[in-house]
Amino acid sequence: MKRTQRKVMALLMGLLLVGCQGRGYQERIYDEGVSIELAQWRKETIKELRYGLRFDIPEQRDEAIEAEACIRFVLEQRQEVVLDFRERADLLHELRVNGEVCEYDFVNEHIIIPRQATRKGENVVEITFTAGEQSLNRNEEYLYTLLVPDRARTVFPCFEQPNLKAEFTLQLEVPAAWEAVSNTEVEVENTDGERKHIRFKPTEPLSTYLFSFVAGKLDRAEYRDGERIITAYHREVDAKRVAQLDVIFEQVAASLHWLEEYTGIPYPFAKYSLIILPGFQYGGMEHTGATLYNDTRMFLSEHPTLDEELARTELIAHETAHMWFGDLVTMDWFNDVWTKEVFANYFAARITEPLFPEVNHALNSIKNYTASALSEDRTPGTNAIRQDLDNLRNAGLIYGNIIYNKAPVMMNKLVEMMGEEAFREGIREYLTTFAYGNATWDDLIAILDAKSEEDLAAFSDVWVNQKGMPHITLTERNGMLEIVQSDPWGRSLVWPQRFDVTFLGDDTMVTVEAVLTEESVALPIPEGTRTILPNTDGRGYGLFVPTVETMEWLLGHWQEVADETARQALLMTLYENYQAKLIGADVWMEALLRGVETETNVLIASTLCSYLGEPLRELGAEQLELQLWQYAEQHPLTSCRQQLMRCLISNARSPQIVGRLYEVWRGQSHALLSERDYTNLAYELALHMPERQEEIMRVQRSRIVNPDRVREFDFVAQVITPDTLAMDEAFERLLKPENRSVEPWAEKALTYLNHPLREGYAVKYIRPGLEVLEEVQRTGDIFFPKKWARALLRHHHSEEAQREVEAFFAAHPDYSPLLKSKILQVVDFGAK
Ligand SMILES: [Zn+2]
């Protein structure tokens, strides 16, 4: 039967089956992906779901993986059953239902089992098939599954939706020398010659996106935490890096203890392992009992900055918090995926606090969450925290800075409104009510609302359901300070919030809390005030536009503000004003340099260093680079010297500084630079000095010991060439999905193809690069579409480039709004 005939057949069958349920329901139930209609229908009818899975994994990564799935579930009556499998039809070898070989239809990524084959009560569907490869991440010597948000269906037939939780029992056949890890402990393991057979214990009820296994040549380490044993698997060969497992284990244990104490619920799964992998797409992924981590985020270089150490701890705490928030209680549908991310990040910050007692955590929180939320919320491509999702295949596009970073900012405000104790009680009730099940944001707000005097639903509506941020303008009038918020999207929305305002006089300082619950609020200005500093506690969210006098004062004196949180918040306010083009690159650069000269707090200093690149590129003066070089040599803060060096590596253009960088690279003479820094430096130098490209790349390759990192180097090296023909060929290769399978490598290669030095030449990559973005979404993982767009566009600021992007949108008037917003979040055209 041809595909179209099958589709018509299936539709007709669907009409018969759900004829009474309304037309929209019928139309979308067989759509590609998993429509919300299909998910709702299955949620109502499929009960007591269990999967038995077996994969036979060969040593060679290009050999097929043969597999079996045994899917058991209970039906209240005989009915058609729709399974998901996003692969070619010929990978399905045989399907039996209740013991009988079954004729089925395969339409739009669905296996459709006819009603006659099923029965009331328990049904058993047995499928022999070849596993789909897309989400198996097969590398030399290891593979790992990464199935979030809807990729289980690319590997094996299943009911892919987060609210059909199931017990999984997994069996693996692997080469005898390999290790294998999954969500639960090994129950049976035996080796027969070249092959090892492993059966894992059944899991607790899991959503498909949390099921996972890793197999390959891995080293194993163990840590005892009281009664609990935590295991780690990795591929690192450098002894100094491996030694960092001690601190990693301690932080995992500390996170588990904190969460058990706070939630009152003991760790809800049978075991805890972490697997640290090179080339892993994300920072981490919270597979129940088997969390995956990216090796560069876990094994830090020899001189990690405080930011890097904090980021590692926050990542560990984030993934561990997911065991309760996401794994134990899971969102009902992926539109609420932010509910798990907001808790993971909110609690990550709190878990990290006692582990770094010397750090100013209020400052760190605005530096992390607020800054990153603003960076997306200020763009024309921004979105609300909660977004609609009609089909699971678009779930990956829901993710972004807004759900990870704006949501915790919102959560802080919510806790502030409710009070800490009521919030904690609400969280405990939420976790106990929905344990091993699913919940929506509305379920949570209903619990919290009952414990609060305030109208949380109204608060949630503007902060959660609406996109964008307020512009908050301060004006002096008749001895009063007027604070007015406006909605840049013209909807007249009001974001209720509180923040501090500090009135500075010659020798007076008065701080007042502004309660901005309406469009505006007026505060009396104390006698003797000369300067009015907005948002000095950083709790406020939006673009703060100070009075003209204050702006002038800030540009010259922000660095003199003694309170560190206020100093960080004011620095960020200046940065937002620079982004909004309310101040120019020259005065902004001067303000930054004043800070570099005097800053003693390492977190503020690192913020400063991260801000330098943009105006440096815009101004492009050799004198500035020389000045930064001087700071990079003499700054009293080690991390500042290191970060300034990194800033110069990425941004320096003048022959003099490039020459000095070459000397540093040749002699490997900078004590604070890591192997990764030297590799990045080699790429940059090879682009700046085409006559030395061959030498630089050859020498750098010979310096790398770890074979996984040599492979990465060889991949990126394809684009580090003065030969434009070779560049074009490398770009063409990147357009093919199989050459993008290690996403961090592909991202890096695309970034260097569009390096600032190649800005003019690379304009021609923009159109074809955008044309594949839909495919990048289909074949890549969650964060990749934005990363791809960013790698392609971040260094293009020309009018030609802008025209290319506009022409692309004009040619695709019906382009997916979610993907379009990813592009609009990264473009930055025109001079500031
Ligand atoms: Zn997360």
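Read the numbers this way: they start at 1 and go in the same order the structure lists the ligands and their atoms. Only a predicted model underlies this, so the values are computations on that prediction, with no experimental measurement involved. Sequence positions, counted from 1, serve as the residue numbers for this chain.
Defined by atom type and a distance below 3.5 Å, a donor-acceptor pair is missing between the side-chain atoms of Lys271 and Thr231.
Both the sub-6.0 Å distance and the 45° axial angle are not jointly satisfied by Arg386 relative to the ring of Trp463.
Taking the N/O/S atoms of His322 in turn, the shortest distance to the Zn ion (ligand 1) belongs to NE2. The atom of His318 that is an N, O or S and sits closest to the Zn ion (ligand 1) is NE2.
At least one N, O or S atom of Glu341, from either the backbone or the side chain, sits less than 2.8 Å from the Zn ion (ligand 1).
Residues that satisfy the ring-ring contact (aromatic ring centres under 6.0 Å, His included) test with Phe325, not counting sequence neighbours, are Phe343, Phe347. Arg709 is linked by a salt bridge (Lys or Arg N to Asp or Glu O under 4.0 Å) to Glu236, Glu675, counting only residues two or more places apart in sequence or in another chain.
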